[in-house]
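Right, one structure below, let's go through it.
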Amino acid sequence: MKQTAIMVAALSALTLGCASVNAKDPAPRDFQRIVDSAHARYKDLKDGKNADYIPILTETPSDLFGVVIVTRDGKVYSAGDVDYAFSIQSVSKPFTAALVMTEQGPGVLRDKIGVEPTGLAFNSKLALAVYENSQNPLVNAGAIAAVSLVKASSEQERWKKVQQNLSDFAGRQLGVLEKVYDSEYSTAFGNRGIANLLFNWGRLYSDPEEALRVYTRQCSVGVTAKDLGLMGATLANGGVNPLTKRRVMPAEHVPELLAVMATAGFYDESGEWMYTAGLPAKTGVGGGIVAVVPGRFAIAAFSPRLNEAGNSVRSLNAIRDIAGELGVGVFGANPK
Ligand code: GLU
């Protein structure tokens with residue numbers, strides 16, 4: 001009897017194409033307790049250090065730490081500094097990839113950028129050797145290429161579309177932290193080199209300096225941990241923002257985007273992340289991370305100190321613990 005019930009549940013989950021959509025979320029007080037305890041567990045952890053290759057990022061107070069869960073129906077459970085605005089950095093990348101998919105279909109990502117994990121750091125020098133044929137929209141090369149693919153007849157239009165798309169995912173108007181932009185653009189020698197090489201290889205689809213500027217502005221957009229939670233919850237909700245109820249991307253392309261996040265969202269730690277947390281996610285050197293439990297909710301966190309791979313130490317630990325406690329890994333519950 002019990003076995004039949006399990007089979008029926010499994011079959012109906014498969015029919016919905018999403019194994020976790022049928023699972024029941026915990027009661028609100030349990031969500032809140034789990035967020036509070038993950039925050040308390042890591043709030044004194046001092047491992048890692050702020051990113052410093054973008055000079056201004058060293059000025060973000062290192063002890064900031066916020067953790068948030070946002071459900072597909074827009075309920076927010078948070079602890080700590082979830083309203084502090086920091087630069088989104090690479091967490092912007094899947095959302096601009098979503099814009100390109102929405103405009104031109106998912107084939108364009110596969111054909112004009114690539115969807116293979118590189119297993120390399122976001123700014124790896126070795127990565128240049130593989131950029132010609134192996135990249136994805138979540139490493140810098142692929143992300144600059146994604147910006148260049150946005151349909152636009154001017155730099156202004158390209159930027160406005162990128163900014164509006166990020167805002168639509170967050171459900172509020174987002175702006176640029178101009179000091180971060182100035183600091184990053186004035187030191188963007190590596191990314192400029194990447195953009196020029198891609199252009200030379202026919203893998204960049206606009207003027208290289210324009211793509212570099214818009215990409216750098218995109219990375220300088222100010223967000224809070226709560227914003228990241230809402231952006232992730234929009235993906236968890238099949239592309240509809242839970243607050244504004246606006247459809248931001250077609251539901252049928254969400255699984256493809258989450259697949260790229262699962263294989264490349266943590267750069268050269270993506271394998272380790274999937275092995276231990278089991279959730280599609282994206283990190284940024286500003287200290288933000290968002291993870292998505294498909295069909296259910298997003299878990300986001302922010303804290304500036306990064307490990308060697310460029311991933312926020314407190315954030316990744318908090319999100320991994322929450323995923324473990326709630327048993328929401330996409331391949332099944334990971335052991336706690
Ligand atoms: N804007 C950063 C860069 O291009 C993003 C890196 C990241 O967040 O991983 O280097």
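Quick caveat, the model's predicted, so the values are computed rather than measured. Ligands are counted one by one from 1 in listed order, and the atoms in each one are counted from 1 as well.
The shortest N/O to N/O separation between Cys219 and ligand 1 does not fall below 3.5 Å. Polar contact check, Lys93 against ligand 1: no nitrogen or oxygen pair lies under 3.5 Å apart. Note: no N/O pair closer than 3.5 Å links Thr283 and ligand 1 by distance alone.
A donor-acceptor contact shorter than 3.5 Å links the side chain of Tyr205 to the backbone of Lys112. A donor-acceptor pair under 3.5 Å is absent between the side-chain atoms of Lys282 and the main chain of Lys93, judged by distance alone. Remark: the backbone N or O of Gly295 is paired with a side-chain donor or acceptor of Arg72 at under 3.5 angstrom. The backbone N or O of Val313 lies less than 3.5 Å from no partner atom in the side chain of Asn307, so there is not a single donor-acceptor pair. A donor-acceptor pair is defined here as one N or O able to donate and one able to accept, closer than 3.5 Å; such a pair exists between the side chain of Arg247 and the backbone of Gly238.
Listed by number with element, the atoms of ligand 1 under 4.0 angstrom from any heavy atom of Tyr267 are 7 (C), 9 (O). Near Asn140, the atoms of ligand 1 lying under 4.0 angstrom from a non-hydrogen atom of the residue are 3 (C), 4 (O), 10 (O). Near Tyr53, with a cut-off below 4.0 Å to any heavy atom, the atoms of ligand 1 are 2 (C), 3 (C), 5 (C), 6 (C), 10 (O). Using a 4.0 Å cut-off to heavy atoms of Gly284, the atoms of ligand 1 that qualify are 8 (O). Using a 4.0 Å cut-off to heavy atoms of Tyr215, the atoms of ligand 1 that qualify are 1 (N), 2 (C), 3 (C), 4 (O), 5 (C). Heavy-atom proximity to Ser90, at under 4.0 Å, picks out these atoms of ligand 1: 5 (C), 6 (C), 7 (C), 8 (O), 9 (O).
Classification of the Phe31-Phe297 ring pair by plane angle, with boundaries at 30° and 60°, yields perpendicular.
Residue Val285 touches ligand 1 through backbone and side chain together, judged by heavy-atom distances below 4.0 Å. Here Asn191 has side-chain heavy atoms under 4.0 Å from ligand 1, and that is the only part of it that gets that close.
Side-chain contact annotation: Lys160 with Gln163, donor-acceptor N/O pair under 3.5 Å present.
Between Phe302 and Phe86, the gap from one ring centroid to the other is short of 6.0 Å.
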